[in-house]
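So the structure is just underneath, and the comments pick up after that.
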Amino acid sequence: MPVPPFADWKPDLSPYKAASSQIIQNVFPRADGYGPVASVSQYSQALPGPCRGYFYARNADQSVTVFAATATKLYKLNNTTFAWTDVSKSGGSYTGVGNGEQWQFAQFNNFVIAVQINTVPQVFDLTSSSAFADLGGSPPQARYVAVVNRFVVLSGMGTATPYRIQWSGLNAVTTWTPGVNSSDFQDLPDGGVVRAIGGGETGLITQDAALRRMIFAPGAPYVFQIDRVAQDKGIFAPLSLVRGGDRLFFAGNDGFYMILPGGYPIPIGKERFDRTFFADVDTGQLHLIIGASDPRATRVYWAYKSLAGSAGLFDKILVYDYGIERAALIVQSGEYLATLARPGLTLEGLDSISSSIDALTFSLDDVATSALSQLSIVDSSHVLGFFGGPIAGGPALEATLDTAEQTLDRRMRVKGFRPMTDAPTCYGSIGARENLQSAVAYSAEQAVNGKGLCPANVSTRLARGRLRIPAGTAWTFASGVEPMMAQEGKR
């Protein structure tokens, strides 16, 4: 009998004789199966309150500065002590970000701009500031900020101008007077409220029921050429918009999409995980649907709060590898998710860790790549941490993988299976049912023995294999199972 693989995670589909799996949890997709996800390793000291957004900026000297927000404060990470320093305007407090809202950040040259709808956009000059200040030029209050070409673009305005985008002057973050140095605004005639904007050389404007592309048009009588990309296809959760390499991804009103440069929305979750996501997500907590990317891999992530999750925390992360077009689910709770470069670790700074290279507990290769951004999280204790890597991540999370449902078209006896994995410790069980109308019942787990087998003794008509790799196990791949099964005789 062919070896049933741990196939593509497509929980939207029936498992019966399928080429897909319904449960693929706490793993990263690989072309030959799945690999481990390292647990989160805490990095910073705790923020004074729940995190409502964070961001890293790259300085001219190639160092990194990290900012974070609570409801009423902005903070900067001390790269030596990893404590958070209050850098709010004049040391005071802002009007609190509302329920269902977050702070958003963007970097333009040496300036870091922070926005939320209840305060004037804030700016921090990386070369000279000790605290944030009001952004000059009288920009409008906004929920979202992006850099498109050489402009700062604001969107998500107040109730007076909900259909408007507004941009700064060309290379001038403090110029906001329309008609001066190409600064201007545009009210969109249809498509609903303007939400987040995907930045880059061109911009993607997302609305409740439309998508538009904005292209800088030097020499034209207008600043940006704004073209409709999609009609009646809007964004479901504004913070789901994320850039991965040269493409944009987002959760739309009817599923997850990818947009290539100059292209149109391509569905990536249809008949895979869209229906499962919409049945599981808490639609009252859309601000916890947060997109992030992993520049070290072709992966994008969406954290979200499920209906069973705790208030104020996401509890699941959907991961999609667009290089191999495979997905998986990570069970992890937290307050915010983002891509972040690790600050404070350089070759010059090794003396602060150890005076001896031989005494270092990590490879110098990790130091050389420490400025590369990677997936990070602020957990429920308000502490910043990182996934993955010998420095950044802890031991592997517990992984669970199911095969598709198998049948011999009559009753069979399943005596166990041989897991195709290099995990030295793992457990197998058999999911069985008599017909498609019955619920699946799993046999008692059995550890892999010295012969590489997970024994079982199950009589059934429909069967699937489940492999569980305990947390902390060192492993690299799991590709499927080799079943031990045979038809039973007729009576």
Side-chain angles (χ1 to χ4, degrees), residues 9-13 22-26 37 40 47 49-54 68-71 96-104 116-118 143-144 156 192-193 195-196 206-209 233-242 249-257 267-293 299-320 327-339 375-383 385 387 397 400:
W9 181 60
K10 297 180 180 179
D12 287 0
L13 303 183
Q22 294 230 314
I23 296 179
I24 298 290
Q25 186 170 293
N26 290 344
V37 174
V40 175
L47 283 163
C51 180
R52 303 301 294 271
Y54 66 97
T70 61
V97 63
N99 293 330
E101 306 274 359
Q102 306 278 21
W103 283 85
Q104 294 291 283
Q116 58 113 326
I117 191 59
N118 293 325
R143 292 179 172 85
Y144 313 107
V193 173
R195 304 298 181 180
T206 65
Q207 299 175 253
D208 287 343
K233 190 178 296 297
I235 195 165
F236 175 67
L239 299 188
S240 70
L241 182 63
V242 58
F249 300 84
F250 66 95
N253 293 324
D254 59 348
F256 287 85
Y257 287 88
I268 60 173
K270 186 175 179 61
E271 296 304 308
R272 290 178 174 173
F273 47 79
D274 282 347
R275 289 195 294 272
T276 300
F277 169 78
F278 283 112
D280 190 38
V281 68
D282 185 345
T283 57
Q285 301 285 302
L286 296 185
H287 67 293
L288 292 176
I289 304 177
I290 304 168
S293 66
R299 290 193 289 259
V300 289
Y301 307 83
W302 288 281
Y304 72 93
K305 180 189 174 299
S306 71
L307 293 171
S310 301
L313 300 173
F314 60 77
D315 59 318
K316 294 181 180 179
I317 303 173
L318 194 159
V319 52
Y320 178 72
L329 187 70
I330 300 172
V331 178
Q332 175 71 53
S333 66
E335 295 173 345
Y336 209 88
L337 184 80
T339 301
L375 187 66
S376 63
I377 186 175
V378 172
D379 63 23
S380 58
S381 59
H382 323 319
V383 174
F387 286 95
L397 296 174
T400 304

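Residue indices begin at 1 and follow the sequence shown.
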Is it true that a side-chain atom of Q102 and a backbone atom of H287 form a donor plus acceptor pair closer than 3.5 Å?
yes
Quick one: are P238 and T206 in side-chain contact, heavy atoms under 4.5 Å?
no
State, yes or no, whether a side-chain contact exists between K10 and E271 at a heavy-atom distance under 4.5 Å.
no
Exercise: identify the closest heavy-atom pair between L337 and S376:
CD1-O, 3.3 Å
Verify the ring-centre separation between Y336 and Y54: is it less than 6.0 angstrom?
yes
Any side-chain heavy-atom pair of W302 and F277 under 4.5 Å:
no
Taking the side chain as everything from C-beta on, heavy atoms only, tell me whether N253 gets closer than 4.5 Å to K233.
no
Sidechain-backbone polar pair: D274 side chain, K270 backbone, donor-acceptor under 3.5 Å
yes
NZ on K305 to CG on L286, rounded to 0.5 Å:
11.0 Å
Can a donor-acceptor pair be found between the side chains of S333 and D315 at a distance below 3.5 Å?
no
For R143 and Q104 the tightest heavy-atom approach is O-CG, 3.4 Å
With the side chain counted from C-beta on, respond yes when F236 and I289 share a heavy-atom pair under 4.5 Å apart, and no when they do not.
yes
Check whether any side-chain N or O of D208 sits under 3.5 Å from a backbone N or O of G234 as a donor-acceptor pair, and report yes or no.
no
Once you measure the plane-to-plane angle for F256 and F278, does it fall in the parallel (<30°), tilted (30-60°) or perpendicular (>60°) bin?
tilted
Counting C-beta onward and ignoring hydrogens, is there a side-chain heavy-atom pair between N26 and V331 closer than 4.5 Å?
yes
Just wondering, do L318 and K316 contact through their side chains at under 4.5 Å, heavy atoms?
no
Kindly indicate whether the side chain of S293, heavy atoms from C-beta on, has any atom under 4.5 Å from the side chain of R299.
no
